[in-house]
Amino acid sequence: MLPRTRTLVRSMTFVAATAVAAGSLAACSESAEQVPSIGYAIDNSISTYNANTTAGSVSGAMAAFGRVLPGFTFTGPAGAPVSDTDIGTASELPGDVLTVSYKLNPASVYSDGIPMSCDDLVLTWAASSGKFTKDVDGAAKPMFDTANNLGYADIDRIDCQSGSKDATVFFKPGRSFTDWRSLFGATALMPSHIVTQRAGVGDVVSAVNAGDTDALSKIADFWNTGWNLTPGQVDTSVLPSAGPYRIDSYSADDGLVLVANERWWGNKPATDRIVVWPRGVNLTEDLDKNSIEVVDVASGSAGELGTPSGFDVQQIPSRSIEQFVLATSGSLGDEAARRAFAHCVPRTTLFEKFGQTDNAPQAGLGSGVVDSRLMAPDSLVYSDAAAVDGDRYANADVDAAKTSLSEADLDQLTVRVGYLAPDPVRAQIVSEAKAACAPAGITIEDASTDSFDPASLQSGGVDAVLSGMAGKVGAGGTASMIDARGALRSGNGANLGTYGNARIDQIIDQLNVDASTSAQLGLSVEAENILWTQVPTIPLFNQLRTVAVAPGMSAVLVNPTRAATGWNMDRWVLRR
């Protein structure tokens, strides 16, 4: 029988922290016996193996599978890409056009015995570039339901001989994507051999090079939905791993069970079994029963979190921005209506109640209301970008909201806000907004459900989504803000509100290839002038994350980004 936690308490004292822990959150005694299995709870659903689809990007796939589907880099605790040389190396080649040589580790092989190859990179590019389209009602639509094509869309071609360990990636002239190291990273590389087997086509490289529409359509059909996961109905034959862990099973009762991958060529996992518990676990009642030793959730999202005594707990601001993502059609189709809603949302109050730690820093992450959508609060140019118009929306302003309603030819407005329930903090945020907006004639309705799909914003099911960055329910964000930018770029799946502005597209494209301070400053200021006028989103604050670690654990390092605390789970050890 697996070890069980014995003692529960009904509340926990949060230890405020504003920096990533330099060491493990909980120490252990080397003389104690090592426990063979560790439970890890996250605050998101796990509905697919493919974190790159629109649905996968807002799910917990990236938090769960970072050490199952690793790539050339992973997102480190500081939010930047860190090389993973177990998978291979990526080297920039000299020349006027950005060209990168990728070399997979000669020993790299999937858990089903099929070697990793450059075909996997070609599949990732084909899916995420937006290059391959199909006709839908007379319009060209991407075949692949990818969440974010930034960076991949800048690639001109990939030279790859099918089955080879080497690939050369050529970017388009003038499109030297500054964050290229984040491409082909953890959870981005999917097993191309599974796609071709299930789609019944030849190799991906031939289909891409030939522009074979029929073959690519079949490949896209599987890539889009073939890796969907339903607890209790998992076919592990389509889920080979290229990391230290592989999926053993997945069920509602027993969680997502990851076990050591016998074919892993790197350092053996320190613990053979990790059980990932997705959203839905009652942490207050079930910690003991489910033997959960590591918890990484949005602060307050699990209510009054009861944990066994002795747990080490940190509460830190993350790189994900809690925000309202607004529809650009329906009741909020007029930008003046969106401004009206923004004027009555009490952003400062919401930060003070739900985004502020006891020892909040004077600047940077967690220091205040977030006023820029494209620049991180700890970036050099954030203060200038944030100064554009955010203060105009800092506090609820009934008169300004009424004026904007009048500009939209409206006397009243109803805004249905959706989010994945239950979530006590988001419920309170909606309640606060409802009370503040009512005097302006704006009715806020809580439209949350326990099966909420952010995509319902596009179908008119709700008028706004309350979420983290790019619609993410749980962990999110990077230092480069690439996910945030992608969520405002036309044509991206992560652009939940289908916001479109040609100048914003141009600015985002330029920000991604010009890292100079002058360009970042001028472009971000211009962008925020537009975005605070058209209000496709209402940023609130850096989402607070609570990480709790059981006594006896070692090597658990907080990672307040999209990778989450499980980014180094293969190093975790529990001794009791």
Side-chain angles (χ1 to χ4, degrees), residues 52 54 57 98 125 127-133 136 139-156 171-180 182-183 321 323-329 332-335 338-339 371-376 379 381-382 384-386 388-389 454-455 457-458 465 469-471 477-478 480-516 518-539:
N52 310 286
T54 299
S57 71
L98 177 61
W125 171 58
S128 298
S129 65
K131 177 181 176 68
F132 301 103
T133 62
V136 178
K141 300 291 184 182
M143 291 182 181
F144 295 87
D145 179 27
T146 186
N148 193 350
N149 66 16
L150 298 190
Y152 293 107
D154 295 319
I155 294 173
D156 183 52
F171 286 74
K172 299 172 183 176
R175 298 303 305 166
S176 296
F177 184 61
T178 58
D179 196 29
W180 65 264
S182 68
L183 304 178
I321 300 172
Q323 60 191 285
F324 289 102
V325 182
L326 308 185
T328 54
S329 59
L332 294 178
D334 191 315
E335 65 182 47
R338 299 195 294 273
R339 287 196 297 272
D371 287 327
S372 174
R373 300 161 179 84
L374 303 180
M375 292 293 152
S379 65
V381 302
Y382 172 80
D384 292 285
V388 170
D389 244 344
L457 187 66
Q458 299 177 6
V465 172
M469 186 175 290
T478 65
S480 69
M481 298 286 283
I482 195 66
D483 293 335
R485 294 176 186 178
L488 292 169
R489 180 64 168 81
S490 296
N492 265 351
N495 186 345
L496 299 177
T498 63
Y499 171 70
N501 180 290
R503 181 52 187 157
I504 290 295
D505 290 349
Q506 292 171 352
I507 289 173
I508 290 173
D509 291 346
Q510 189 62 27
L511 286 172
N512 290 336
V513 298
D514 191 340
S516 68
S518 59
Q520 297 281 307
L521 175 60
L523 291 169
S524 61
V525 167
E526 181 185 355
E528 293 302 340
N529 270 306
I530 297 171
L531 294 170
W532 279 115
T533 298
Q534 299 189 332
V535 197
T537 64
I538 305 173

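Since the structure is predicted, the reported quantities are computational estimates derived from the model, not experimental observations.
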Is there a side-chain contact between [X] and [Y] in this structure, where contact means two heavy atoms from C-beta onward sitting under 4.5 Å apart?
X: Arg339; Y: Thr533; answer: yes
X: Arg485; Y: Asn148; answer: no
X: Thr328; Y: Arg338; answer: yes
X: Met481; Y: Arg373; answer: no
X: Leu488; Y: Pro536; answer: yes

Contact summary for [X] and [Y], nearest pair of heavy atoms:
X: Thr146; Y: Ser128; value: OG1-OG, 3.5 Å
X: Met143; Y: Thr133; value: CE-O, 3.3 Å
X: Trp532; Y: Asp371; value: NE1-O, 3.1 Å
X: Leu183; Y: Phe171; value: CD1-CZ, 3.8 Å
X: Ser490; Y: Asp505; value: OG-OD2, 2.8 Å
X: Met469; Y: Gly477; value: SD-CA, 3.7 Å

I'd like to know if the side chain of Asp514 and the backbone of Ser516 have a donor-acceptor N/O pair within less than 3.5 Å.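 Yes; at least one donor-acceptor contact below 3.5 Å.
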Worksheet item: Is a side-chain N or O of Arg175 found less than 3.5 angstrom from the main chain of Asn512, in a donor-acceptor match?
Response: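 No, the answer is negative, given that no donor and acceptor are paired below the 3.5 Å cut-off.
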Mind checking the [atom1]-[atom2] spacing from [X] to [Y]? Nearest 0.5 Å is all I need.
X: Asp179; Y: Leu150; atom1: CG; atom2: CG; result: 10.0 Å
X: Asp384; Y: Leu521; atom1: CG; atom2: CG; result: 5.0 Å
X: Ile507; Y: Leu523; atom1: CD1; atom2: CG; result: 6.0 Å
X: Glu528; Y: Ile504; atom1: CD; atom2: CD1; result: 7.5 Å
X: Asn529; Y: Ser524; atom1: CG; atom2: OG; result: 10.0 Å
X: Gln534; Y: Arg503; atom1: CD; atom2: CZ; result: 13.0 Å

Ionic contact status for Asp156 with Lys172, cut-off 4.0 Å: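 A salt bridge is absent here (no side-chain N lies under 4.0 Å from a carboxylate O).
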Dump the intermediate steps for side chain to side chain contact (heavy atoms under 4.5 Å, CB included) on Val535 and Glu335, then the final yes or no.
CA-CA 7 Å; Val535 197; Glu335 65 182 47; over 6 Å; no
List the steps and the verdict of side chain to side chain contact (heavy atoms under 4.5 Å, CB included) for Asn52 and Tyr152.
CA-CA 12 Å; Asn52 310 286; Tyr152 293 107; 6.0 Å; no
